Amino acid sequence: MRKQIIVGNWKMNKTPTQAKEFMEEFNILFEKNKDKIDDKVKFGIGAPAVDLATLKETCEKDFIIAAENMHFEKNGAFTGELSVEMIKSVGANAVILGHSERRAMFNETDSDVNKKTKVALENNITPIVCVGETLEEYESGNSKEIVRKSVLASLDGITEWDKIVIAYEPVWAIGTGKTATSEYAEEMCGFIRSITSENVLIQYGGSVKPENVEELLGQPNVDGALVGGASVQPESFIKLLTLNK
Ligand code: PGA
C-alpha cells in the first residue's frame with residue numbers, strides 16, 4: 001500500500017518570522033485535528049531557503065521540509081545558487097525540482113532536473129520532481145507524449161523509485177483556479193506510473209484546495225498533492241490533511 005504525501009509550495013512567499021507564525025498556528029491546529037489525519041499521510045512544506053531553518057526548529061518530527069531548488073554541483077562559482085549540503089545543513093529533507101515556474105522562467109531543463117535528482121538521492125534528500133504540459137500542449141492533444149518525454153529525461157537512470165516523488169502538475173492548472181478533473185488527474189498519474197514504477201509516489205498539483213482535495217486524492221493513482229495557494233494559510237493547509245481518504 002503506497003503512502004500519501006501532501007506538500008505545500010510557498011514559492012516566493014513568507015519571511016522567517018512569517019514562517020514561524022505559520023508553524024505556531026499550524027502546530028495548534030495539528031494537535032486539535034490529529035485524530036482526523038490518516039497515519040499513512042506524510043506532509044510538509046516547500047519553502048524559500050531562508051525559511052528552512054525556522055521550519056526545522058518549529059516542526060513536529062516526520063515533517064517534510066523541502067527546499068524549492070538546489071544546484072547539482074557540490075560547490076564552486078555559481079553565484080546565487082545553493083548546494084545540496086547547504087539545504088541539508090539548515091534542515092531540508094526534500095527538494096522540489098523542475099517546478100514549471102523554474103522551467104519557464106529560469107530555463108531549467110529535463111537534463112538539469114535529472115542531475116539534481118541524482119544528487120538529491122545520493123544525499124538522502126527526497127526529490128519531488130515536477131512534470132506537466134502547458135496549455136498549448138494540452139490543447140494540441142499531446143499531453144501524454146510531452147509528459148512521457150519529460151518524465152523519461154528527468155528521471156533517466158533512476159531506479160530508486162521508492163525514494164522519489166513525482167508531481168504531475170499541468171501548467172494550465174497552476175495558480176489559475178482551473179483544477180484538472182479527477183478523471184484527467186487519474187489518467188495522467190496512471191500514465192506516469194505505467195512508464196515508471198508501481199512503487200513511486202505520484203502527486204497531482206494545480207489549484208488543489210480543501211474543496212477538491214478529497215475527490216482528487218480519492219483516485220487510485222493519485223498519491224497526494226503539491227499545493228501552492230492553499231498551503232500558505234495554516235487553516236486551509238490543515239483542511240487538506242484532514243479531508244482526504
Ligand atoms: P497552486 O500551485 O496550488 O497555487 O495551483 C501549485 C504549484 O505550483 O505547485
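The first residue of the sequence shown is numbered 1, and numbering continues consecutively from there. Atoms within a ligand are numbered from 1 in the order they appear, just like the ligands themselves. Just so it is clear, the model here is predicted, and its values are computed rather than measured.
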Worksheet item: With Trp10, which residues qualify under ring pair (Phe, Tyr, Trp, His ring centres under 6.0 Å), at least two apart?
Response: Phe22
Worksheet, complete the sentence: For Ser154 and Val129 the tightest heavy-atom approach is CB-CG1, 4.1 Å
Tell me which part of [X] gets within contact of ligand 1: side chain, backbone, both or neither, using heavy atoms under 4.0 Å.
| X | result |
| --- | --- |
| Ile174 | both |
| Ser100 | neither |
| His99 | side chain |

Worksheet item: Sub-3.5 Å donor-acceptor pair from the side chain of Glu108 to the main-chain atoms of Gly98, do we have one?
Response: yes
So is there a nitrogen or oxygen of [X] less than 3.5 Å from a nitrogen or oxygen in ligand 1?
| X | answer |
| --- | --- |
| Gly229 | yes |
| Thr176 | no |
| Gly228 | yes |
| Gly206 | no |

Looking at [X] and [Y], does any basic side-chain N land under 4.0 Å from a carboxylate oxygen?
| X | Y | answer |
| --- | --- | --- |
| Lys239 | Glu235 | no |
| Glu198 | Arg2 | yes |
| Lys20 | Asp51 | no |

For [X], the ligand 1 atoms whose distance to one of its heavy atoms is below 4.0 Å:
| X | answer |
| --- | --- |
| Gly175 | 1 (P), 4 (O), 5 (O) |
| Ala173 | 5 (O) |
| Ser207 | 1 (P), 3 (O), 5 (O) |
| Lys11 | 2 (O), 7 (C), 8 (O) |

Discussion item. Centroid separation under 6.0 Å, is that true for the rings of Phe43 and Phe30?
Written reply: yes
List the atom pairs, donor and acceptor, that lie under 3.5 Å between side-chain atoms in residues 69-84 and the rest of the protein, sequence neighbours left out.
unit_1, atom_1, unit_2, atom_2, d
Asn69, OD1, Lys116, NZ, 2.8
His71, ND1, Glu73, N, 2.8
Ser83, OG, Glu85, N, 3.4
Ser83, OG, Met86, N, 3.2

Response to the item:
min-distance protein heavy atom vs atom 7 (C) of ligand 1 -> Glu169 OE2, 3.2 Å
